[in-house]
Amino acid sequence: MDIQLYNTLSHRAERFEPVTAGVVRMYNCGPTVYDYAHIGNFRAFVFADVLRRFFEFVGYEVQQVMNITDVGHMTEDNVADGGGQDKMELAGQRLKEAKKQGVANVSNPDDPYEVASYFTEAFLADGKALRLKIADEHPQRMPHATAHVTQMIGIIERLIEANHAYVTDDGAVYYDVATFPEYGRLSGNTLDKLHTGAGGRVNEEHTAGKRNPADFLLWKHDASHIMKWDSPWGVGYPGWHIECSAMAMHTLGVDTLDIHTGGEDNIFPHHECEIAQSSGATGKPFANYWMHTRFLLVEGEKMSKSKGNFYTVRDLLARGVDAAVLRYELLRTHYRSNMNFTLKGLEDSQKAVNRMRSFIEGASHGSWGGVYSGQSDVERAFVEAMADDLNISAALGAVFKWINEVDTPASEDVAALQRIDAVLGVLTPAEADTSVAPAGISDEEIEVKVRQIQQARELKDYAKSDAIRDELNDAGVEVQISRDGVNWRRKMRLD
RNA sequence: GGCCGCGUAGCCAAGUGGCCCAAGGCGACGGUUUGCAAAACCGUUAUUCGUGGGUUCGAAUCCCACCGCGGCCUCCA
């Protein structure tokens, strides 16, 4: 099996060759847990999940690790190295408000660990709804940054020893980028090309101790910080990048990973710095393949709270969106293209998923974990497309083309689609979330109306049955009348 | 200013030198079915690939310029 993956490090597709035959060790930059993750975040996580499932489908053992960033970090955009308010602290204040209103179940929002725990649980719930396998592997494969400060300190010590890092008078530890000639290889931002401050986020005052403006923080001595740990350089907190190096190497138990993924915004500085830190400490490559997902746009624009086009997973589920359909929407666009998330697109996805579901109708559901047998044409076409840098659109195209060609699905056809679904994860409808009561008409009221429709139809009073049907339709309930009876389901509420 | 990436039908989206008068999904239109709908199923739906040049026997695919969009240049998936 020849799998091609686009490697940000080399700017081209390369044949995938794991360090250990048959095993893929993969690290995904995971969520920060001082707020709910939004659908843009989840696009990257769904991508990682599809990548993992594809490798499993074609017979690899995948050791996937996704971190949880529960160290706070700072809020102010223009104060890079330790200014502004801590995000975890801010999240605590928001939760405190939410608690007053009775919508957040946190006993002590002043405790950053409780805040982190609250949003971690929310992330896991959303992740499970979207069928991320990694969400079921918490905490073994989802390490917390706050639990790995010892490992971070260990790496920092090695870096100081190797003269890749230095300690300033005020107790900060910086990585000396000039000692790492490879710096800039991933992003193209080599030291000679870096235009310091062009992003408008660097505050000179806070970088005074640096030898080079591009040097980045490994440890900040700051006893007043909300989350702090003891270290050889005083009480304080770790820099932003070091946690991923520490958790990746520690949890996977190797110095060189096969694949490291993240959003395109992570390329610089985050992943560039991770490479410098990790390779600086070990003398070995940190990851052989770097894969980055492009941003998701919403209705053609960058998602932002101020534009009112900001969605979390729970927002959408509360509107009656099937989580499996949301998963489909997030995975249907190639990961290296900007995807344009639209509410119409969600409806399209619902239809597309329905089409697949109706193909296997009657067959038993829920065959997760299928493995590619190489026996059917459609699976070969699917795998071939996916092996070409995860070309999901072409892969889906092959599946639908085949669905169109099969007149009456035989049991082996149903089995083939179910095996493919081990990668897609969309055939089984998400169970209705009973914790969110649907707005408007209740299930009981709907059942009453449905019985009225049935009665009217028995009396051939079509005017009456049609009127009730229209009424339900207006209330957001889709009614399907057939010889077998009357079925209904709630429609997505997308306005 | 520097470094990445993108621009294909009404919408989403494959294809990156001849198999392309361009896959697939949605929508729309026509049909089967239905008391009427819905759902399902069948069919039709880009001689053309942001714009203008160029290279080539041949370009959506390569090169140049321009226009537009997104990301990064120390929060961000």
Side-chain angles (χ1 to χ4, degrees), chain A residues 8 11 28-32 37-48 73-81 84 87 184 186-190 192-203 206-207 213-217 239-241 261-270 272-273 292-297 300-303 328-329 332-334 336-342 344-345 347-355 358 361 385 391-404 407 457 460 462-463 465-466 469-470 473 478-483 486-489:
Chain A
T8 309
H11 306 286
N28 317 117
C29 273
T32 50
H38 54 69
I39 55 171
N41 300 319
F42 274 106
R43 182 195 188 199
F45 304 144
V46 167
F47 161 73
H73 308 321
M74 296 305 152
T75 54
E76 282 184 31
D77 288 357
N78 59 343
V79 184
D81 291 334
K87 284 188 176 171
L186 184 72
S187 63
N189 288 333
T190 48
D192 54 314
K193 285 174 182 159
L194 270 176
H195 191 128
T196 303
R201 295 179 193 167
V202 180
N203 183 324
H206 295 270
T207 60
D215 289 351
F216 56 90
L217 189 74
W240 303 332
H241 312 301
T261 75
E264 61 174 317
D265 56 324
N266 281 156
I267 296 170
F268 191 92
H270 188 52
E272 196 74 74
C273 295
H292 295 97
T293 54
R294 295 280 153 204
F295 263 41
L296 165 154
L297 305 179
E301 289 189 286
K302 188 176 174 178
M303 178 163 62
Y328 183 89
E329 170 72 5
R332 69 201 267 226
T333 305
H334 188 92
R336 281 194 295 115
S337 299
N338 284 120
M339 109 162 234
N340 189 16
F341 178 89
T342 62
K344 182 180 179 298
E347 287 173 338
D348 290 359
S349 290
Q350 174 71 259
K351 297 280 175 64
V353 168
N354 285 160
R355 204 172 152 92
S358 70
E361 205 140 72
N391 191 339
I392 187 77
S393 308
L396 290 171
V399 171
F400 281 109
K401 192 171 186 178
W402 165 75
I403 285 176
N404 287 335
D407 289 330
R457 287 180 56 76
K460 300 225 188 292
Y462 294 121
S465 78
D466 289 357
R469 182 176 69 197
D470 291 345
N473 232 295
E478 191 175 286
V479 181
Q480 294 175 14
I481 297 168
S482 69
R483 286 207 183 86
V486 181
N487 285 315
W488 62 271
R489 68 173 189 87

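Order of the sequence lines fixes the chain letters, A, B, ..., with proteins taken first and strands second; residue numbering starts at 1 for each chain.
In this structure, A/Asn28 contributes its side chain and A/Ala48 its backbone to no donor-acceptor pair below 3.5 Å. Listed for the A/Glu272 side chain is a donor-acceptor partner under 3.5 Å among the backbone atoms of A/Gly184. When atom types are taken as modelled, the side chain of A/Arg43 and the backbone of A/Arg294 share a donor-acceptor pair closer than 3.5 angstrom. Between the A/Ser187 side chain and the A/Asn189 main chain, a donor and an acceptor come within less than 3.5 Å of each other.
Residue A/Gly345 is out of contact with every strand shown, counting any heavy-atom pair closer than 4.0 Å. At the heavy-atom level, A/Ile392 lies nowhere under 4.0 Å from the strands shown. A/Asn391 comes within 4.0 angstrom of sugar-phosphate atoms only, judged by non-hydrogen atoms across all strands, and of no base. Using a 4.0 Å heavy-atom cutoff across all strands shown, A/Asn487 reaches no nucleic acid atom at all. Here A/His38 lies in heavy-atom contact (under 4.0 Å) with a base. A/Gly397 comes within 4.0 angstrom of a base, heavy atoms only. Within the 4.0 angstrom heavy-atom criterion, only backbone atoms of the sugar-phosphate kind lie near A/Arg355; the bases stay farther away.
Contact annotation: A/Asn338 does not reach the phosphate of B/C69 (side-chain N/O to OP1 or OP2, under 4.0 Å). For the pair A/Ser393 and B/A14, the criterion of a side-chain N or O lying under 4.0 Å from OP1 or OP2 is met. At B/G25, one or more side-chain N or O atoms of A/Asn404 fall inside 4.0 Å of OP1 or OP2 (strictly under the cut-off). For the pair A/Asn189 and B/C3, the criterion of a side-chain N or O lying under 4.0 Å from OP1 or OP2 is not met. The shortest distance between the side-chain N/O atoms of A/Ser337 and the OP1/OP2 oxygens of B/A14 is below 4.0 Å.
Each of A/Arg332 and A/Arg469 was matched to the nucleotide of RNA chain B holding its nearest heavy atom; the match closer to the 5' end belongs to A/Arg332. Summary of the strand contacts: A/Lys351 and A/Glu264 both lie near RNA chain B, and taking for each the nucleotide with the nearest heavy atom, the more 5' one is attributed to A/Lys351.
The separation of B/C11 from B/A28, taken at their C1' atoms, amounts to 11 Å, rounded to a whole angstrom. For the C1' atom pair drawn from B/G71 and B/U8, the interatomic distance equals 22 Å after rounding to whole Å. Distance check on atom P: B/U61 versus B/G7 gives 11 Å, rounded to whole Å. Straight-line distance between the P atoms of B/U32 and B/U16: roughly 41 Å, to the nearest whole Å. Atom P of B/G15 sits at a distance of 15 Å from the matching atom of B/G50, rounded to the whole Å. Going from the P atom of B/G10 to that of B/G53 covers 23 Å, rounded to whole Å. Spacing of P atoms, B/C26 relative to B/U44, comes out at 15 Å, to the nearest Å. With both ends at atom P, the span from B/A22 to B/A60 equals 12 Å, rounded to whole Å.
For A/Arg457, counting side-chain heavy atoms from C-beta on, the closest listed nucleotide (B/C4, B/G35, B/C11) is B/G35. In this structure, of B/G35, B/C11, B/A14, it is B/G35 that holds the atom nearest to the side chain of A/Tyr462. Side chain of A/Ala352, nearest nucleotide from B/A40, B/G70, B/G25: B/G25. Checking B/A39, B/G35, B/C75 against the side-chain heavy atoms of A/Lys87 singles out B/C75 as nearest.
Between the P atom of B/G25 and the NZ atom of A/Lys401 lies a distance of 10 Å, rounded to the nearest Å. For the pair A/Met339 CE and B/G71 P, the interatomic distance rounds to 15 Å; values are reported in whole Å. If you measure from atom NZ of A/Lys460 to atom C1' of B/C36, you get 13 Å, rounded to the nearest angstrom. The CG atom of A/Asn354 sits 10 Å away from the P atom of B/C26 (whole-angstrom rounding). Atom CD of A/Glu272 is separated from atom C1' of B/C73 by 11 Å (rounded to the nearest Å). Taking atom OH of residue A/Tyr328 and atom P of nucleotide B/A13, one finds them 12 Å apart after rounding to whole Å. Atom CD1 of A/Ile481 and atom P of B/C36 are 12 Å apart (whole Å). Rounded to an integer number of Å, the gap from CG of A/Asp265 to C1' of B/G5 is 14 Å.
Residue side chain A/Asp466 reaches the base of B/G35 through a donor-acceptor N/O pair under 3.5 Å, judged by distance alone. Donor-acceptor pairing under 3.5 Å, judged by distance alone, is absent between the side chain of A/Lys344 and the base of B/C12. Applying the 3.5 Å distance criterion, the base of B/G5 shares no donor-acceptor pair with the side chain of A/Arg336.
Under the Watson-Crick or G-U wobble criterion, with both distances below 3.5 Å, B/A46 is left unpaired in every strand shown. Using Watson-Crick or G-U wobble geometry with both donor-acceptor distances under 3.5 Å, B/C3 finds its partner in B/G71. The partner of B/G10, taking Watson-Crick or G-U wobble pairs whose two distances both stay under 3.5 Å, is B/C26. Applying the Watson-Crick and G-U wobble criteria (two distances, each under 3.5 Å), B/A65 pairs with B/U51. Within the shown strands, nothing qualifies as a pairing partner of B/U33 under the Watson-Crick or G-U definition with both distances less than 3.5 Å. B/C19 is unpaired under the criterion used here, namely a Watson-Crick or G-U wobble arrangement in which both key atom distances are under 3.5 Å. In this structure B/A39 sits in no base pair that meets the Watson-Crick or G-U test at under 3.5 Å.
Between A/Phe341 and A/Glu329, some side-chain heavy-atom pair lies under the 4.5 Å cut-off. With a 4.5 Å cut-off on side-chain heavy atoms, A/Phe45 and A/Pro31 count as touching.
Counting only N and O atoms by type, the side chains of A/His334 and A/Ser393 include no donor and acceptor under 3.5 Å apart.
B/G25 has no stacking from A/Phe400 on its base ring, since the centres under 5.5 angstrom apart and planes within 30 degrees of parallel are not both found.
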**Request:** Apply side-chain contact (heavy atoms from CB on, under 4.5 Å) to A/Ile267 and A/Thr8, showing your working.
**Result:** CA-CA 8 Å; A/Ile267 296 170; A/Thr8 309; 4.1 Å; yes
**Request:** Show your working on salt bridge (charged side-chain N to carboxylate O under 4.0 Å, His left out) between A/Arg469 and A/Asp466 and close with a plain yes or no.
**Result:** CA-CA 5 Å; A/Arg469 182 176 69 197; A/Asp466 289 357; 3.7 Å; yes
